[in-house]
Amino acid sequence: MQKGDHLFLVDGSAYIFRAYHALPPLTRKSDGLPVGAVSGFCNMLWKLVEESRDTSVGVCPTHFAVIFDHSSTTFRNALYDGYKAHRPPPPEDLRPQFSLIREAVRAFDLPCIEKEGFEADDLIATYTRLAVEAGGDVTIVSSDKDLMQLVGPSVILYDQMKDKRLGPEDVREKFGVYPEKMIDLQALVGDTSDNVPGVPGIGPKTAAELLETFGTLEALLERAGEIKQAKRRENILAHADQARLSKQLVTLDQNTPLDTSLDDLFIHEPDGEKLVAYLKAMEFTTLTRRVAAKLGTDASEVAPAPVTISDAPRGPDLDAGGDTALAGGGAEGAMPLTPAGLAAERLSEAASTPVDRSRYETIRDEARLEAWIARAYDTGLLAFDTETTSLDAMRADLVGLSFAVAPGEAAYVPIGHIGEGSGDLLSGGEAADSVGLQLPLGRVLDLLKPVLTDPSILKIGQNTKYDYLVMLRHGIDIAPMDDTMLISYVLDASSSLEGHGMDELSERFLGHKPISYKDLCGTGKGAKPIAACPIDKVTEYAAEDADVTLRLWRVLKPRLVAEGMSSVYERLERPLVPVLARMEERGIRADRQILSRLSGRFAQKAAGLEADIHILAGEPFNVGSPKQLGEVLFGKLGLPGGKKTKTGQWATDARLLEDLAAQGHELPRRIVDWRQITKLKGTYTDALPTYMDEADRIHTSYSMASTTTGRLSSSEPNLQNIPVRTQEGREIRTAFVAPDGHKLLSADYSQIELRLLAHMADIPQLTEAFRQGQDIHATTASEMFGVPVEGMPSEVRRRAKAINFGIVYGISAFGLAAQLSIPQGEAASYIKRYFERFPGIRDYMDRVKAFAKEAGYVETLFGRRAHYPDIRSSNPQVRAAVERAAINAPIQGSAADIIRRAMVRMEDALKAERLQARMLLQVHDELVFEVPDEEVEATIPVVRRVMEKAAEPVVDLAVPLVVDARAAANWDEAH
DNA sequence: TACAGATCTTA
DNA sequence: GTAAGATCTGTAC
């Protein structure tokens, strides 16, 4: 910086509060995110930028910065703990706006400056000093009188809202003293809002008069005896120290450490696209238009920026300030202003606007379809649903599409309907007359593609992975998308509440029961395909689904902000939808021959065992019937150890049969073997080929919203429970193969849950053991039993391993005893010893339980919540079971969050390295890829890096995450 | 035909 | 002791 340069310093924090209070509340229309202060701030900043680009005015800045307060505690709190003590916490609906405003500054391409331990004013003071010393001029954009002490010959204060510029003479006019005496004046007067005491009875007028007479505060305090007015004299004498303290408090620090040098504040042209993208994301239409015009950017070409949302602090009363707990209630006062208020308003609105199916339209021509698309552009929203021939998105053909653009405004486009009654006849043609005119599929897709891919139109669906995948198969990559099922899941994941299906949500939140699929198509034998149902009925059904989805979204979306769950939804759910859809679409290659050979072998073996069993039993019976089996074993043969299940039947589970076999009984051994073989055959080798497509690939379906903890689940077929423990089971894995020229790459987290437990409970022995790369079960055994790790008997280690697993599951003596086949008393003493060696684990568990009881939920490291209302049950059995689940959920859930984060980042990371690896499967702590042979070596480190760093930067783990990765021709060898 | 319970597979 | 899904049996409808 040099003479002639001009520095603009914007007091960002002061401006936020001013904008918040001065402007009417404003919420982002699509989700109710409060953005009033953001809007005011952006308008102000744009005005400044615009003015400063206007060279005719003559105050063009060469340097520019926006300064914020960083934290509430500064060096002033050390001087005086009452400093700013009476400041109320920021209003609930202002809190989420702070980070949005910082993003705004970055979108304007301006330096955004803050520093731990200092107020914005101190940073402003320091930059001002530096600029003046360098010979430059300074304009401080603020109206805060605390900054007047900085005004000087080359420093002015600019109050933009009042459009006033204050120089030294103006300060004198306003306060009766020149800026250099402002500090002394403030010290005498004090400041009630900052809780600076000052001297009682001295206001600005008296203070100015006194400073006029005595020159400085110090002189005044020394010669206070000379003051004629008795009361005034006494006050000053009595509060001299208080005045000195006040002076320290109001004096701005002109020597704060700086991370950004003055020269780095040099101004440059704003990046039009970046700024427009941000403003679009905030949905500031007027400002977007204005900025785009001025900067020569085509706003329609720019996608809204992904905006990071930092959630409000969570948890029950964990904050030092007791008043934060009250903020969440928000029922009283100006309801719609707060996120919680908006959510409540939306809920009552939903209950009071009935669904009217007669208003739905059947779209049969292009003009009407275009009219509906135009409506979507008006509202910026398009709730969307597909009607198809199958629940399996990979096999589904489109029958029709429905959409809604506002509550009650919904329509259905029939595409693939066939004549009524022709459902089970394969001929379709001649009956088609009865369905009337239908737009051809290709035409409908051509018309819809622009709106479905338009970044400014938010598509809303229920279980969007399904619709996304169906449309992806038609070459349409829908974006952006919101999913009511996933929003509900993030808000209300719970073991006792029902699920997140649309019909359920509709009844719960809208008090409306939609037409069920059964009502429309019938059930069982009389069921018709939807394509053969009357179109007027399908219109009611399908348009209602879109309508209900839109209404649900209006109720649920604002709750994300109100309940501080936006980042879980935005970071862990929404971006995973397309990732999983592509994984499902790819599928994994399987080898028919291997499966069929195994089926044959298992059939033979099962037949042999069955014959033996019948001979040993002395009669033929259905070995697969636990009921008949129990009668044979414990009734007819009178074997010992008979237990009853809760329904009064004989228990015949594997553990029990194993125990009998260990006592030398032949029959139970055979039954265990028979069960294993028939299980493998029935569930895997016979079933898997029925899922294979023409290319011999199996496409599982992942459910994102069916676990309480955040794990995924897999079905049709479930590829998350393919056998691995026994040799015969593992052979099934050899049937999962890579195509020619490729390998399967399997990468799995090592001990992720124990590592997370060590981190979350902060157990030094365990974190250290993980850092050293030690065998964690052996280390545990060594700690517990005092046995050296070297030469440890495998049985000792096995017990420690069972205990470690038990801990993660919320251990009980009963469970551990069952697992290790030892008496309950012995198990209890193990647990006791474990807690003696690792008291931190017990403390952690107690904390989690207490939190769950208070809050009704527990949280993962990333803020995902699992609700356990039954933890307050008066039934001790129920309560203990829920407590175990609540202890496990943060651990299992944090691991689930971490692998989700890895999955979200994986495709871009691979693409950035120009690798062709394709992610196919997720099995809780494992990811499976298909990789060209020649890229295996290059792919492994990339996959490993993404997975090992997946917690960052949100969570800084005290333990390393370790990923084992291996590639081979089939899944068995790769795993 | 539909559902609950028992069993077994995985992490 | 946590979290899932699939299959089979047996029974209710």
Side-chain angles (χ1 to χ4, degrees), chain A residues 493 495 518 522-527 621-630 644-657 671-672 674-684 686-688 690-691 700-703 706-726 728-730 732-733 748-754 757 802-820 824 827-828 831 845 858 866 868 880-893 895-896 899 921-926 975:
Chain A
S495 53
K518 280 184 195 167
T523 174
K525 218 170 144 192
F621 68 101
N622 183 349
V623 188
S625 161
K627 196 178 168 222
Q628 294 179 31
L629 177 64
K644 294 284 180 85
T645 65
K646 57 188 167 220
T647 50
Q649 282 192 37
W650 293 108
T652 66
D653 58 289
R655 171 154 302 283
L656 195 144
L657 298 180
I671 291 166
V672 169
W674 181 90
R675 277 196 183 155
Q676 195 211 345
I677 297 300
T678 51
K679 180 76 175 180
L680 295 178
K681 181 171 183 290
T683 309
Y684 303 105
D686 287 351
L688 287 173
T690 67
Y691 289 101
T700 185
S701 173
Y702 288 103
S703 167
S706 53
T707 72
T708 314
T709 55
R711 273 193 177 177
L712 301 179
S713 76
S714 153
S715 63
E716 290 181 298
N718 180 356
L719 294 186
Q720 291 181 322
N721 69 349
I722 301 301
V724 72
R725 289 196 222 278
T726 66
E728 274 156 328
R730 292 180 70 121
I732 294 166
R733 289 200 174 214
D748 68 292
Y749 285 107
S750 159
Q751 306 283 5
I752 187 167
E753 294 189 351
L754 271 182
L757 175 66
I803 292 166
N804 276 334
F805 274 100
I807 292 294
V808 169
Y809 297 155
I811 202 150
S812 79
F814 178 86
L816 184 63
Q819 176 65 34
L820 288 175
Q824 231 183 92
I831 294 169
M845 291 182 163
V858 291
Y868 294 97
V882 178
E883 281 174 357
R884 288 194 296 272
I887 286 170
N888 173 257
I891 305 169
Q892 189 184 114
I899 199 165
L921 301 180
Q922 189 250 42
V923 193
H924 308 310
D925 66 357
E926 175 189 12
H975 184 72

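First the proteins, then the strands, lettered A, B, ... as listed; each starts at 1.
Neither OP1 nor OP2 of B/dT9 sits under 4.0 Å from any side-chain N or O of A/Arg725. Residue A/Gln720 places none of its side-chain N or O atoms closer than 4.0 Å to OP1 or OP2 of C/dA3. Proximity of A/Asn622 to the phosphate of C/dT9: a side-chain N or O atom is located under 4.0 Å from OP1 or OP2. The side chain of A/Ser713 places an N or O atom within less than 4.0 Å of a non-bridging phosphate oxygen (OP1 or OP2) of C/dG5. Phosphate contact (OP1/OP2 of C/dT7, side-chain N/O of A/Lys681, threshold under 4.0 Å): absent. Close to C/dA3, at under 4.0 Å from its OP1 or OP2, lies no side-chain N or O of A/Ser706.
Within 4.0 Å (heavy atoms only), A/Phe805 reaches no atom of the nucleic acid at all. Within the 4.0 angstrom heavy-atom criterion, no nucleotide atom of any strand lies near A/Val808. A/Gly806 comes within 4.0 angstrom of a base, heavy atoms only. Here A/Glu926 lies out of heavy-atom contact (under 4.0 Å) with every strand. Among the heavy atoms of the strands, none lies under 4.0 Å from A/Ile891. Note on A/Thr708: only backbone sugar-phosphate atoms sit closer than 4.0 angstrom, heavy atoms only; bases stay farther off. Across all strands shown, A/Ala895 has no heavy atoms under 4.0 Å from either base or sugar-phosphate atoms. Within the nucleic acid shown, A/Arg711 comes within 4.0 Å of at least one base atom, counting heavy atoms only. Heavy atoms of A/Ala802 sit under 4.0 angstrom from at least one base atom.
Rounded to whole Å, the distance from CD on A/Gln628 to P on C/dT9 is 9 Å. Going from atom OH of A/Tyr749 over to atom P of B/dT10 covers 22 Å, rounded to whole Å. Across the protein-nucleic acid pair, A/Tyr809 atom OH and C/dG1 atom P stand 12 Å apart, rounded to whole Å. Rounded to an integer number of Å, the gap from CG of A/Leu688 to P of B/dT10 is 14 Å. Look at CG on A/Leu680: it is 13 Å from P on C/dC8, rounded to the nearest Å. If you measure from atom CD of A/Gln751 to atom P of B/dA11, you get 13 Å, rounded to the nearest angstrom. Regarding A/Tyr702, its OH atom lies at a distance of 17 Å from the P atom of C/dA4, rounded to whole Å. Across the protein-nucleic acid pair, A/Glu716 atom CD and B/dT9 atom C1' stand 17 Å apart, rounded to whole Å.
Between A/Val724 and A/Arg733 there is a side-chain heavy-atom pair separated by less than 4.5 Å. Here the side chains of A/Leu712 and A/Thr707 are not in contact, with every heavy-atom distance at 4.5 Å or above. Counting heavy atoms from C-beta outward, A/Thr700 and A/Glu716 have side chains that stay 4.5 Å or more apart.
Every residue was checked against the side-chain hydrogen bond (donor to acceptor under 3.5 Å, both in side chains) condition with A/Thr683, not counting sequence neighbours, and none meets it.
When only modelled atom types and interatomic distance are considered, A/Ser706 and A/Ser713 share a side-chain donor-acceptor pair under 3.5 Å. Inspection of the A/Gln676 and A/Thr726 side chains reveals an N or O donor paired with an N or O acceptor under 3.5 Å.
The listed nucleotides are B/dT9, C/dG10, C/dG5; the one nearest the side chain of A/Asn718 is C/dG5. Among the nucleotides C/dG1, C/dT7, C/dG10, the one closest to the side chain of A/Ala687 is C/dT7. When each of C/dA4, C/dT7, C/dT2 is scored by its nearest atom to the side-chain atoms of A/Gln892, the top-ranked nucleotide is C/dT2. Counting only heavy atoms from C-beta on, A/Ser715 has its side chain closest to C/dG5 among C/dG5, C/dT2, B/dA11. Ranking B/dA11, B/dT9, C/dG10 by closeness to the A/Tyr684 side chain, first place goes to B/dT9. The A/His924 side chain lies nearest to B/dA11 when the options are C/dA3, B/dA11, C/dG1.
Annotation: cation-pi geometry satisfied between A/Lys644 and A/Trp650 (NZ/CZ under 6.0 angstrom from ring centroid, within 45° of ring axis).
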Are there any protein N/O atoms within less than 3.5 Å of an N/O atom in nucleotides 6-8 of chain B, and if so, which ones and at what distance?
unit_1, atom_1, unit_2, atom_2, d
B/dA6, OP1, A/Thr645, OG1, 3.0
B/dA6, OP1, A/Thr647, OG1, 2.8
B/dT7, OP1, A/Thr652, N, 2.9
B/dT7, OP1, A/Thr652, OG1, 2.7
B/dT7, O3', A/Arg675, NH1, 3.2
B/dC8, OP1, A/Arg675, NH1, 3.0
B/dC8, OP2, A/Ala654, N, 3.1
B/dC8, O2, A/Lys679, NZ, 3.1

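Scanning all heavy atoms of the two residues, the minimum distance from A/Gln922 to A/Tyr702 falls at N-OH, 2.9 Å.
The CG atom of A/Asp748 sits 5.5 Å away from the CG atom of A/Asp925 when rounded to the nearest 0.5 Å.
Nearest-nucleotide positions on DNA chain C place A/Thr709 closer to the 5' end than the other of A/Thr709 and A/Pro717.
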